[in-house]
K.L.:
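Take this structure first; my questions come after.
Letters A, B, ... mirror the listed sequences (proteins, then strands); counts begin at 1. This one's a predicted model, so the numbers in the text were calculated from it and none came from an experiment.
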Amino acid sequence: MEYNFRAIEEKWHKRWVEQQTYKVTEDENKKKFYVLNMFPYPSGAGLHVGHPLGYIASDIYARFKRQQGFNVLNPMGYDSYGLPAEQYAIQTGQHPEKTTFQNIDRYREQLDKIGFCFDWDREVRTCAPGYYHWTQWAFQKMFNSFFCYTCGKAQPIETLIEHLNENGTKDLNVAQSEELTFTAEEWNAMSEKEQSDVLMNYRIAFLGETMVNWCPKLGTVLANDEVVDGVSVRGGYPVEQKKMRQWCLRVSAYAQRLLDGLETIQWSESIKETQKNWIGRSEGTEIQFQIAGTDDYFTIFTTRADTMFGVTFMVLAPESELVQKVTTADQKAAVEEYLNYVKSRTERERQIDHTVTGVFSGSYAINPFTGEKNPIWISEYVLAGYGTGAIMAVPAHDSRDYAFAKHFGLPIVPLIEGADISEESYDAKEGIVCNSPAEGATPYVNFNLNGLTIKEAIAATKKYVKEHNLGRVKVNFRLRDAIFSRQRYWGEPFPVYYKNDIPCMIPEECLPIELPQVENFLPTETGEPPLGNAQIWAWDEVNRKVVDKALIDGKTVFPIELYTMPGFAGSSAYYLRYMDPQNDEALVSKKADEYWQNVDLYVGGSEHATGHLIYSRFWNKFLFDLGVSCKEEPFQKLVNQGMIQGRSNFVYRIKDTNTFVSLGLKKDYDTTPIHVDVNIVKNDVLDVEAFKAWRPEYNNAEFILEDGKYICGWAIEKMSKSMFNVVNPDMIVENFGADTLRLYEMFLGPVEQSKPWDTNGIDGCHRFLKKLWGLFYSRTDEFLPKEGSATPEELKSLHKLIKKVTADIENFSYNTSISAFMICVNELQGLKCTNKDVLEKLIILLAPFAPHMAEELWEALGHDTTVCDAPWPAYNDEYLKESTATYAVGFNGKTRFTIQLPADCSKEDAEKAALENENSAKYLDGFVVKKVIVVPGKMINIVIGK
RNA sequence: GCCCAGAUGGUGGAAUGGUAGACACGAGGGACUUAAAAUCCCUUGAGCAGUAAUGUUCGUGCGGGUUCGAGUCCCGCUCCGGGCACCA
């Protein structure tokens with residue numbers, strides 16, 4: 001009987017739905033295992049073969065765990081709010097709601113063909129009100145919380161208010177936008193509006209007036225991870241810096257916990273490293289400098305406190321508030337001119353062009369260690385947004401300060417023994433400190449660092465600074481707060497209304513507030529949010545509902561926030577929602593959360609390292625502080641599947657003709673390579689007729705062939721429509737079946753590695769399945785498996801496979817387990833194995849990889865249960881024991897011949913057998929044996945010498 | 001500039017410090033067939049010697065080192081990919 005994959009796969013898809021094979025419920029008697037894929041944006045292009053890679057890998061793991069007896073949660077859903085979905089709608093001129101639902105249907109159809117064990121009853125969509133209810137809810141919780149550094153976690157805002165009522169900002173150790181100082185009396189005297197503004201300084205979700213990434217083309221602000229090299233990740237449009245009032249999340253408050261948490265999770269080194277870089281912890285010292293001739297001080301941040309004696313000038317960021325203060329009358333014109341120059345430069349220019357520029361302010365700062373007066377300069381190389389926006393410049397040991405000093409002819413004082421600073425600065429943190437001033441040389445202190453290592457000198461200086469009240473030890477982070485509002489339509493509305501300009505939360509029990517329908521949802525270049533077009537968009541406080549904005553009276557009816565939330569809002573806690581997706585009382589019930597805990601295995605792309613994977617860790621830590629999530633880290637183990645690249649094919653047109661020359665002959669002609677659709681090329685041989693039919697202009701194309709074939713060139717490129725190298729999984733399923741697709745995607749190479757898709761190799765996997773089928777059905781439809789006892793060879797082959805596959809799945813080495821399957825099936829075929837027990841075990845092992853075929857054959861073996869619940873077999877080492885072992889016999893490390901010895905041969909016997917073997921004689925002739933090394937079962941190396 | 005990961009046949013890729021190239025594709029040869037498809041068998045890292053069996057040398061980006069023995073460990077480079085980046 002032929003392997004009819006179409007009939008088999010159709011049959012089992014239906015059966016799985018009917019029998020709810022993949023439905024999962026909390027079961028206290030079973031250990032849980034939570035497998036999760038990053039849910040997709042349903043974009044318009046549909047899935048290509050790269051998308052299912054991670055889903056297949058995790059599906060295999062999920063099925064494997066289920067067969068091992070775990071209660072496995074493996075859900076799927078759609079990240080359907082946000083920029084990508086909306087951009088697609090705009091491009092196709094349709095309403096995003098319509099395109100989103102269409103795209104979801106298309107995705108579902110494609111996913112269903114591949115045979116995943118998703119529990120679709122748990123599907124979530126971020127754009128569904130029942131879902132974003134909890135996104136809005138979490139936002140309100142963040143609004144009503146602040147972060148307390150003393151207890152290291154989020155606290156209700158009431159606790160802070162109490163503190164302010166009693167103590168003002170005294171002894172306040174909390175995360176804040178800027179350091180405010182006021183007394184309890186001052187606080188209590190503030191108006192409601194003033195208090196609201198002050199509290200914004202502390203809330204975890206807050207309105208902040210900050211520099212944001214504004215993208216006019218997309219008509220919205222963007223978070224830092226959504227901007228790369230000054231352009232938007234989505235669409236590649238220019239981004240400018242603009243001061244705007246936006247909702248922000250105080251992610252920076254969690255910087256240390258986000259960093260510490262990395263040590264507790266099993267993620268790849270490279271992702272952890274990326275997150276560490278992004279968080280950018282830097283431990284240093286803040287030191288106060290007095291502005292000469294005044295009583296004013298300003299603070300700088302340095303990681304090199306040891307270089308206090310090498311400071312020769314100070315630099316302020318042009319945006320620093322100090323600039324006005326330190327600019328003297330005679331420098332005013334020059335400073336103004338410089339500030340105008342800085343303003344004229346775009347963010348992108350500043351990033352690329354590092355020419356030294358700057359201006360002297362006219363003022364001096366007093367070095368608190370030496371009493372020296374150092375000129376204060378203004379330069380754009382100092383960033384306003386990091387540290388204090390002011391630095392002490394040590395040109396000898398910082399390359400930027402060095403370049404600046406050289407350019408403006410400022411002095412350079414070296415502080416490290418033997419450091420050559422004639423050509424460049426010595427930036428390394430290695431060496432012995434010298435050149436501390438002699439005792440009594442400064443009017444201030446006797447403080448000498450000479451002879452210390454840099455590390456010791458930093459510690460000594462910190463200690464000194466602390467003891468003498470010159471500043472404080474400070475940890476800075478590069479991680480910025482996340483801009484949380486977007487001037488777009490397709491996103492979660494904020495559950496916020498404005499009462500006399502004070503933002504108020506819509507009562508929790510009135511959530512969700514649903515996205516209103518609007519005619520015109522297009523973004524605007526000026527930033528007016530599309531929700532401004534919604535007529536029914538005002539909050540009636542009395543009747544507690546959304547009403548027509550014509551009713552706004554400023555007393556009981558108020559305008560609702562027009563911004564929407566960004567894409568990452570919905571994707572930050574979706575893993576919790578899968579645990580309890582229909583709950584309308586809570587994001588997740590205590591019971592469900594305590595059962596499923598957190599995600600054991602998370603599979604997805606590494607491109608989310610500084611976006612989703614930071615935000616969701618932050619979000620979950622917040623929910624953990626609230627007691628909603630019982631685990632601090634959401635994703636225990638993370639596997640990043642590699643990107644599937646495209647393999648493009650080319651034809652070579654001879655210039656100015658319609659004649660195409662085959663790859664091997666093209667060197668004789670002047671040709672232009674042209675991308676050709678990979679679907680009309682097989683094994684790099686062009687289907688000439690299909691090519692002619694492909695495009696009208698190739699209708700009468702002519703070809704110069706080699707060996708009667710047209711051979712195409714190829715290249716590895718990104719998989720994209722414009723390169724004509726997109727391979728669609730539906731097509732593979734249609735031609736080879738889902739099981740073949742699943743096997744081949746895994747066989748391509750290690751899951752975590754990026755690799756090109758090349759349909760050419762797929763025959764091998766398809767052949768393997770046909771061969772395996774052939775172990776069950778003869779060509780004459782006879783069902784082959786028979787009762788009886790298995791031969792030792794059959795058992796050995798099988799148990800070798802069990803051992804290999806069990807280990808490989810745990811390591812995600814699916815490619816080598818499939819190789820092992822191929823070897824085993826070849827061996828069993830060679831042994832003409834018909835033993836039912838052996839074949840049945842083989843099917844159980846196959847089930848995670850090729851579930852359709854496994855179910856079909858499992859049923860044929862007489863089972864009326866699903867193979868998904870067939871217990872994973874254990875291997876028996878007894879069967880794997882060899883009676884003889886092949887020893888490679890080498891002399892001085894080079895293998896010369898092999899001998900067969902009993903498997904349990906002792907080292908001594910092996911050594912004797914090797915030395916006495918007739919082949920050894922010619923190598924031993926004239927030499928003496930110095931040493932013999934025996935690796936049991938493998939190798940005997942005889943070291944000889946004169 | 002700093003940090004991370006990687007480099008193995010024509011291709012994708014295997015190798016707890018122990019016979020490098022498993023497995024698969026492609027290619028070449030053969031069987032079956034009127035033919036094709038499908039299926040099956042053999043060869044396939046490079047070089048040299050030999051009619052042949054076979055023997056032998058060289059081979060895991062480059063240069064050193066440790067070791068009886070290195071793709072694997074150590075030191076120094078080159079190249080490719082990724083992250084951070086006037087972050088003081």
Side-chain angles (χ1 to χ4, degrees), chain A residues 2 228 268-282 284-285 300-304 307 315 317 350-357 379-383 385-394 397-401 403-404 427 476-478 606-607 609-610 640 642-643 647 683-684 714 716 743-744 747-750 752-765 767-768 770-771 774 779 813 815-823 826 829 886-898 930-945:
Chain A
E2 282 285 297
V228 171
S268 72
E269 276 312 308
S270 66
I271 292 271
K272 285 201 218 175
E273 201 58 37
T274 299
Q275 291 209 340
K276 280 181 199 165
N277 280 340
W278 188 257
I279 296 167
R281 185 180 199 272
S282 154
T285 317
I300 59 93
F301 175 78
T302 181
T303 54
R304 290 292 300 274
T307 58
V315 189
R350 268 179 88 161
Q351 266 180 26
I352 295 167
D353 174 22
H354 290 175
T355 332
V356 177
T357 64
S379 173
E380 60 179 341
Y381 87 87
V382 174
L383 304 177
Y386 184 77
T388 60
I391 63 155
M392 62 180 212
V394 186
H397 303 296
D398 182 284
S399 52
R400 296 151 304 184
D401 298 346
F404 195 86
D427 290 16
N476 267 335
F477 293 95
R478 195 151 45 218
S606 55
E607 67 273 19
T610 57
N640 298 115
M643 271 234 302
R647 187 178 188 277
N683 293 341
D684 291 336
W714 59 271
I716 303 302
L743 284 178
Y744 187 56
F747 187 69
L748 272 178
E752 304 193 64
Q753 192 174 302
S754 283
K755 58 230 162 207
W757 178 267
D758 183 356
T759 307
N760 290 342
I762 201 166
D763 283 338
C765 288
R767 261 175 226 152
F768 156 72
K770 283 202 273 191
K771 242 186 226 184
R779 285 175 195 223
S813 304
N815 55 334
T816 51
S817 28
I818 293 167
S819 294
F821 268 110
M822 290 174 175
I823 294 167
N826 272 337
Q829 194 186 42
T886 305
Y887 281 82
V889 180
F891 291 85
N892 286 1
K894 301 234 169 176
T895 305
R896 302 296 167 167
F897 57 88
T898 58
K930 293 198 159 166
K931 199 170 170 187
V932 179
I933 295 131
V934 178
V935 181
K938 293 240 168 170
M939 138 90 74
I940 302 161
N941 191 35
I942 300 163
V943 184
I944 53 177

K.L.:
Determine: side-chain N/O of Arg896(A) to OP1/OP2 of rU56(B), distance under 4.0 Å, yes or no.
P.N.:
no
K.L.:
Closest approach to the side chain of Arg767(A), judged atom by atom: which nucleotide of rG18(B), rG26(B), rA88(B) is it?
P.N.:
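Nucleotide nearest to Arg767(A)'s side chain: rG26(B).
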K.L.:
Nearest to the Leu748(A) side chain among rG12(B), rG18(B), rA88(B), which nucleotide is it?
P.N.:
rG12(B)
K.L.:
Could you please name the option among rC40(B), rC84(B), rC3(B) that lies closest to any side-chain atom of Thr610(A)?
P.N.:
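Of the options given, the side chain of Thr610(A) lies nearest rC84(B).
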K.L.:
What's the closest nucleotide to the side chain of His354(A) if the choices are rG18(B), rC86(B), rA15(B)?
P.N.:
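For the His354(A) side chain, the nearest candidate turns out to be rC86(B).
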K.L.:
Side-chain N or O of Lys931(A) versus OP1/OP2 of rC68(B): is the shortest distance under 4.0 Å?
P.N.:
yes
K.L.:
Are OP1 or OP2 of rC4(B) and a side-chain N or O of Lys272(A) less than 4.0 angstrom apart?
P.N.:
no
K.L.:
Which nucleotide wins on minimum distance to the side chain of Arg478(A), given the candidates rG18(B), rC23(B), rA85(B)?
P.N.:
rA85(B)
K.L.:
Of the nucleotides rA88(B), rC23(B), rG18(B), which has the atom closest to the Lys938(A) side chain?
P.N.:
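Within the option list, the nearest is rG18(B).
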K.L.:
Closer than 4.0 Å, any side-chain N/O of Thr274(A) to the OP1 or OP2 of rC3(B)?
P.N.:
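The answer is no; no side-chain N or O of Thr274(A) sits under 4.0 Å from OP1 or OP2.
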K.L.:
Measuring from the side chain of Asn277(A) (C-beta onward, heavy atoms only), which nucleotide among rC84(B), rC68(B), rA14(B) has the closest atom?
P.N.:
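Ranking rC84(B), rC68(B), rA14(B) by closest atom to the Asn277(A) side chain puts rC84(B) first.
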K.L.:
Could you please name the option among rG12(B), rA88(B), rU19(B) that lies closest to any side-chain atom of Leu383(A)?
P.N.:
rA88(B)
K.L.:
Given rC25(B), rG18(B), rA88(B), identify the nucleotide with an atom nearest to the side chain of Tyr386(A).
P.N.:
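The nucleotide sitting nearest to the side chain is rA88(B).
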K.L.:
Within the pair Gln275(A) and rG83(B), is there a side-chain N or O less than 4.0 Å away from OP1 or OP2?
P.N.:
no
K.L.:
Considering only side-chain heavy atoms of Ser270(A), which listed nucleotide, rC4(B), rC68(B), rC40(B), is closest?
P.N.:
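Closest of the options to the side chain of Ser270(A): rC4(B).
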K.L.:
Taking only side-chain N and O atoms of Asn826(A), does any of them lie within less than 4.0 angstrom of OP1 or OP2 on rA24(B)?
P.N.:
yes
K.L.:
Would you call the rings of Phe897(A) and Phe891(A) parallel, tilted or perpendicular if under 30° counts as parallel and over 60° as perpendicular?
P.N.:
tilted
K.L.:
Using only side-chain N and O atoms of Lys894(A), determine if any of them is under 4.0 Å from OP1 or OP2 of rC58(B).
P.N.:
yes
